[in-house]
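First up is the structure itself, then whatever we jot down about it.
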Amino acid sequence: MAREKFTRRGKSREEAFARLPPRYSYLIVCEGEKTEPNYFKSFREKLKKGAVEVEIIGSGTNTLGVVQAAQRIYEASRKSIRPYDKVWVVFDRDSFPASDFDNAIHSAADNDFGCAWSNEAFELWYLLHFEFRNTAMPRTKYEKSLSAHLGMKYVKNDPDMFAKLEDKQGRAIKNAERLLERHAGQAPSKSNPATQVHLLVKELNQYRNPK
């Protein structure tokens, strides 16, 4: 009898989930543990409640490791009542071999994951809020350039970067699109500077609360 009661309860739970309004769910797995997750967690606060669910994970691993982590998490979710509808991975070129960077992007595509890569650093996305930059710049110089634009010292992992940049987001999207056009036909590892972070940003913007 106890077993039968447990089974009924399980079915009731599934039926209750089925009656809930449909919500699109995202999984965003980031290479960094703080910089990228902090940005997208702040972004998540701007989305319509109940319309979309966004889980953000900082994996703290390398480029290929980010995609592998996303694969594991997504496969586990497929056994649940509501698996993720869309998976995105976020990572940088960093100092990893070019082949690792390109292979990670190909692997993401093979898994039908969105890929918000940056060459060289995620901070390029921040910089594009202020200027169109089409020449390569070492990672070490992003801090100085961002500090000048912000009028204060840029602090990596700043949890308020989304708020500081939000009103310039449209400019950043246009600048990122221009960069990709300039590098059309080139391997991502050779596209420097370039980023696809704006593709994820545009997708999430579909669920923004009206201003």
Side-chain angles (χ1 to χ4, degrees), residues 13 16-59 66 69-70 73-74 76-78 80-92 108 111-118 121-133 142 146 149-152 154-181 194-211:
R13 182 171 178 268
F17 269 101
R19 289 194 296 270
L20 289 174
R23 285 180 291 183
Y24 207 80
S25 61
Y26 283 85
L27 169 66
I28 302 175
V29 182
C30 305
E31 176 186 5
E33 294 182 279
K34 291 185 178 179
T35 301
E36 301 97 324
N38 284 348
Y39 177 84
F40 286 108
K41 285 177 181 177
S42 294
F43 199 159
R44 182 174 58 191
E45 295 303 310
K46 300 290 184 176
L47 307 181
K48 297 175 184 176
K49 305 298 183 185
V52 62
E53 293 180 344
V54 182
E55 182 170 3
I56 301 156
I57 296 174
S59 66
V66 175
I73 299 168
Y74 174 65
S77 82
R78 293 181 64 186
S80 66
I81 295 172
R82 283 192 173 175
Y84 296 107
D85 294 300
K86 183 69 176 182
V87 179
W88 278 83
V89 289
V90 183
F91 56 82
D92 299 345
N111 284 279
D112 199 26
F113 295 166
C115 190
W117 56 264
S118 297
F122 185 76
E123 279 81 3
L124 171 62
W125 169 244
Y126 292 167
L127 189 60
L128 292 176
H129 286 71
F130 300 99
E131 62 174 286
F132 175 70
R133 184 172 188 88
Y142 278 104
L146 283 169
H149 282 299
L150 289 166
M152 64 182 72
Y154 167 68
V155 179
K156 193 173 180 62
N157 304 330
D158 183 350
D160 298 320
M161 281 304 294
F162 179 85
K164 292 176 180 177
L165 301 173
E166 185 179 6
D167 65 338
K168 302 176 182 65
Q169 190 185 96
R171 181 190 303 170
I173 290 172
K174 290 179 181 178
N175 285 337
E177 289 173 341
R178 287 178 63 192
L179 279 180
L180 281 185
E181 288 174 3
T195 183
Q196 287 196 162
V197 171
H198 67 292
L199 299 181
L200 174 54
V201 168
K202 288 173 68 174
E203 194 161 318
L204 292 178
N205 275 337
Q206 300 176 86
Y207 305 98
R208 287 287 296 264
N209 282 308
K211 293 182 179 180

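All heavy atoms count here, side chains included; hydrogens, waters and symmetry mates do not. These numbers come from a predicted model, not from an experiment.
Two residues are said to be in side-chain contact when any heavy atoms from C-beta on lie closer than 4.5 Å; Gln196 and Leu180 meet this criterion. Between Trp117 and Thr195 the shortest side-chain heavy-atom distance does not fall below 4.5 Å. Using a 4.5 Å cut-off on side-chain heavy atoms (C-beta onward), Asn175 and His198 make no contact. Contact annotation: the side chain of Phe43 approaches that of Leu204 to within less than 4.5 Å [non-hydrogen atoms, C-beta and beyond]. The closest side-chain heavy-atom distance from Tyr39 to Cys30 is not below 4.5 Å. Contact annotation: the side chain of Leu27 never approaches that of Asp85 to less than 4.5 Å [non-hydrogen atoms, C-beta and beyond]. By the 4.5 Å heavy-atom criterion applied to side chains, Lys156 and Glu123 are counted as neighbours. At least one side-chain heavy atom of Leu165 sits less than 4.5 Å from a side-chain heavy atom of Phe130.
Counting non-hydrogen atoms of neighbouring residues, nucleotides and ligands closer than 6.0 angstrom, the NZ atom of Lys46 reaches no more than 12 such neighbours. Summarising the local packing, NZ of Lys34 is surrounded by 12 or fewer heavy atoms from other residues, nucleotides or ligands at distances under 6.0 Å.
Scanning both residues, Tyr142 and Ala121, for their nearest heavy atoms gives CE1-CB, 4.1 Å. Scanning both residues, Val89 and Ala108, for their nearest heavy atoms gives CG2-CB, 4.0 Å. Residues Trp125 and Ala176 share a closest heavy-atom pair of CZ3-CB, 4.3 Å. Minimum interatomic distance between Pro37 and Gly58 (heavy atoms only, all atoms of both residues): CG-CA, 3.8 Å. Among all heavy-atom pairs drawn from Ser59 and Glu33, the shortest one is C-CG, 4.4 Å. When all heavy atoms of Ala70 and Phe113 are compared, the pair lying nearest together is CB-CE1, 3.8 Å.
Note on ring orientation: taking the six-membered ring where Trp is involved, the planes of Tyr126 and Phe122 are perpendicular (angle over 60°, cut-offs 30° and 60°). By the 30° and 60° cut-offs, the orientation of the rings of Tyr24 relative to Tyr207 is parallel.
A donor and an acceptor atom, one from each side chain of Gln169 and Asn205, are located under 3.5 Å apart. For Glu131 and His149, the side-chain atoms include at least one donor-acceptor pair closer than 3.5 Å.
A donor-acceptor distance shorter than 3.5 angstrom exists from the side chain of Ser42 to the backbone of Asn38, with no hydrogens or angles considered. The backbone N or O of Leu47 lies less than 3.5 Å from a partner atom in the side chain of Asn209, making a donor-acceptor pair. A side-chain donor-acceptor contact under 3.5 Å links Arg171 to the backbone of His129.
Of the options Arg44, Glu53, Glu203, a side chain to side chain donor-acceptor pair (under 3.5 Å) to Tyr26 is made by Glu203 and by none of the others. Across Ile56, Asp92, Ile28, a single residue satisfies side-chain contact (heavy atoms from CB on, under 4.5 Å) together with Glu36, and that is Asp92.
A ring-centre distance under 6.0 Å is not found for Tyr74 and Tyr84.
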